[in-house]
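Convention: sequence-line order gives letters A, B, ...; per-chain numbering from 1.
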Number of protein chains: 2
Amino acid sequence: MAKTDTKLRILESAEQLFATHGFTHTSLRQITTEANVNLASVNYHFGSKKSLIQSVLKRYLEIYMPLLHQNLNQIAPQKNEIEPVLQAFIKPLFELNKLGKQSPRNFMIMIGRGYSETQGHLRKYIVSEYGETVLLITHKFANALPNISAQELFWRLHFALGALVFVMSSSSALEEIAEADYAESATTEKIVNKIVPFLAAGLSCKSQ
Amino acid sequence: MAKTDTKLRILESAEQLFATHGFTHTSLRQITTEANVNLASVNYHFGSKKSLIQSVLKRYLEIYMPLLHQNLNQIAPQKNEIEPVLQAFIKPLFELNKLGKQSPRNFMIMIGRGYSETQGHLRKYIVSEYGETVLLITHKFANALPNISAQELFWRLHFALGALVFVMSSSSALEEIAEADYAESATTEKIVNKIVPFLAAGLSCKSQ
DNA sequence: CAAACTTTCAAACGGTTGTTTAAAATTTAT
DNA sequence: ATAAATTTTAAACAACCGTTTGAAAGTTTG
């Protein structure tokens with residue numbers, strides 16, 4: 001085996017570039033240059049660019065989704081106590097720190113980009129691969145918010161997802177503005193801590 | 001003058017395609033084919049693709065921003081009364097219906113895409129061109145929410161923008177699911193009516 | 001060592017992109 | 001009507017993209 005780390009080098013360079021510039025704005029030539037490997041090795045090891053994107057996302061989903069499932073199972077949310085449910089999403093996110101310092105941030109940005117760039121392919125993949133966890137998610141939210149109807153919950157979860165996805169996909173730009181205008185270093189952790197109360201309030205608001 | 005409507009035809013086709021597929025995923029050939037004009041006419045009338053994007057956005061901003069300014073000036077929000085401020089954004093949005101049935105939706109989606117795709121160029125343009133209105137926005141929100149800091153407001157406004165934009169951009173898909181699962185016809189106006197209380201609660205939540 | 005297999009590499013492929021060119025067509029002005 | 005200015009057109013441009021190729025290099029196996 002020659003250069004056993006070629007695959008890993010590609011994955012790591014791709015992740016960083018995908019998170020920074022998006023999937024479509026990142027070329028295989030950028031990735032292979034950054035990774036110091038030959039251009040053709042992406043197609044040799046992954047088959048195609050599409051498959052590389054899936055592999056990069058899969059690397060995190062395989063860690064994150066079981067942890068999320070586990071966390072969701074460990075909570076028994078009180079009525080209108082929505083923050084524990086949201087924390088079940090946040091806690092395993094920062095366990096990705098083990099993989100790399102920027103892993104939580106890169107993962108969130110890529111999830112956000114995956115929703116707006118891949119035309120729903122990511123969503124379908126998650127539902128097909130982690131359908132049980134997706135069911136558990138809606139179940140826990142419905143338990144915590146028994147007063148609102150199923151369709152109201154449907155919309156609110158998508159409002160919440162939208163807020164998260166948008167902020168993450170434009171996080172680098174927003175961080176720059178925040179740092180320039182408010183002299184505030186805006187780490188992923190800080191943004192997440194700010195958005196949780198926001199989403200909790202919105203999700204559990206009284207509909208009129 | 002030969003075919004006086006060439007410029008307009010390009011603008012309208014570009015708008016529809018930008019809203020549906022994003023700026024970078026839409027080629028000039030798609031636009032000119034859809035508009036039934038020659039490929040080179042984009043560069044002749046607009047100079048470049050970048051400039052075309054700006055023109056498409058400008059067409060709506062020139063109508064929307066003065067209306068927003070006017071609406072914001074007409075309100076005097078009470079403390080923690082955030083819904084009137086949100087309505088000042090919503091009302092002029094639906095005045096864009098005069099330009100075309102899908103104009104409000106297209107405008108929102110493009111604003112959202114402009115934030116995540118153009119690397120902050122859109123925001124800089126809005127701030128430089130409509131700085132007064134931007135100031136008025138933060139002023140009215142700050143008045144309605146005197147307890148939260150400027151940077152906290154900055155983030156919450158972007159959370160709100162994200163929720164709105166995400167739901168609008170995926171509204172067609174979400175409408176299908178909603179109609180299939182909950183037998184609920186989901187018009188843009190209905191979605192807006194659902195999201196306003198959500199955003200109001202999130203924006204005025206107690207930060208911890 | 002030699003054969004079989006895996007991985008790397010430079011080069012080229014076909015395709016798409018935004019942009020430019022220069023002639024043709026059309027409109028406007030004298 | 002003739003000249004000037006504007007607009008449209010087809011064609012080509014250079015640059016980039018993801019992917020494929022086939023030979024070279026490296027590694028593992030018999």
Side-chain angles (χ1 to χ4, degrees), chain A residues 1-59 110 113-114 116-122 125, chain B residues 1-59 110 113-114 116-122 125:
Chain A
M1 202 187 334
K3 274 174 84 180
T4 60
D5 57 347
T6 297
K7 245 181 128 170
L8 187 63
R9 294 177 65 82
I10 293 172
L11 281 172
E12 285 175 345
S13 297
E15 171 195 322
Q16 203 59 45
L17 287 163
F18 286 158
T20 311
H21 302 113
F23 299 113
T24 48
H25 283 95
T26 301
S27 71
L28 296 185
R29 281 165 180 84
Q30 283 179 270
I31 295 169
T32 52
T33 300
E34 179 76 19
N36 262 311
V37 299
N38 188 269
L39 168 62
S41 56
V42 171
N43 291 85
Y44 176 77
H45 284 288
F46 297 94
S48 65
K49 184 184 182 181
K50 197 172 206 167
S51 178
L52 171 62
I53 296 173
Q54 290 175 331
S55 297
V56 171
L57 285 167
K58 201 174 170 183
R59 199 158 80 104
M110 286 192 296
R113 293 212 130 109
S116 43
E117 274 193 46
T118 66
Q119 294 161 324
H121 285 191
L122 174 60
Y125 175 79
Chain B
M1 200 186 340
K3 275 174 83 181
T4 60
D5 57 346
T6 297
K7 245 182 127 168
L8 187 62
R9 295 175 65 80
I10 293 172
L11 281 172
E12 287 176 344
S13 297
E15 170 195 323
Q16 204 59 45
L17 287 164
F18 285 158
T20 311
H21 303 113
F23 298 114
T24 47
H25 284 95
T26 302
S27 71
L28 296 185
R29 281 165 181 85
Q30 283 178 271
I31 295 169
T32 52
T33 301
E34 179 77 17
N36 263 310
V37 300
N38 188 271
L39 167 64
S41 56
V42 171
N43 291 84
Y44 176 77
H45 285 287
F46 297 94
S48 65
K49 184 184 181 181
K50 197 173 205 166
S51 179
L52 171 64
I53 296 173
Q54 290 175 331
S55 297
V56 171
L57 286 167
K58 199 175 171 182
R59 198 158 79 102
M110 287 192 296
R113 294 212 130 108
S116 41
E117 276 193 45
T118 66
Q119 293 161 325
H121 286 191
L122 173 61
Y125 175 79

Below the 4.0 Å mark, does [N] have OP1 or OP2 next to a side-chain nitrogen or oxygen of [X]?
| X | N | result |
| --- | --- | --- |
| B:Thr6 | D:dT7 | no |
| B:Asn38 | D:dT7 | no |
| B:Ser27 | C:dT16 | no |
| A:Ser41 | C:dT8 | no |
| A:His45 | C:dT8 | yes |

Starting at atom [atom1] of [X], determine the distance to atom [atom2] of [N], rounded to an integer number of angstrom.
| X | N | atom1 | atom2 | answer |
| --- | --- | --- | --- | --- |
| A:Leu28 | C:dA12 | CG | P | 20 Å |
| A:Phe46 | D:dT20 | CZ | C1' | 18 Å |
| B:Lys49 | C:dT16 | NZ | C1' | 12 Å |

Check: [X] side chain, [Y] main-chain N or O, donor-acceptor pair, under 3.5 Å:
| X | Y | answer |
| --- | --- | --- |
| B:Thr26 | B:His21 | no |
| A:Thr32 | A:Asn38 | no |
| A:Arg113 | A:Ala19 | yes |

Side chain of [X], heavy atoms from C-beta onward: which of [options] has the nearest atom to it?
| X | options | value |
| --- | --- | --- |
| B:Leu39 | D:dT19, D:dT6, D:dA12 | D:dA12 |
| A:Asn43 | C:dT19, C:dT21, D:dT19 | D:dT19 |
| B:Arg29 | C:dT19, D:dT20, D:dT7 | C:dT19 |
| B:Tyr44 | D:dA10, D:dT8, D:dT21 | D:dT8 |

message = Does this structure show an ion pair linking A:Glu34 with A:Arg9, if we count only N-O contacts that are shorter than 4.0 Å?
response = no
task = Under 4.0 Å between any heavy atoms, over every strand shown, what does B:Thr26 touch: base, sugar-phosphate, or nothing? Just pick one.
result =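 B:Thr26: backbone/sugar contact only, no base atoms under 4.0 Å.
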inquiry  = Taking any heavy-atom pair under 4.0 Å as a contact, classify A:Thr32: base, sugar-phosphate, or nothing.
reply    =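 Nothing, no nucleic acid heavy atom in range.
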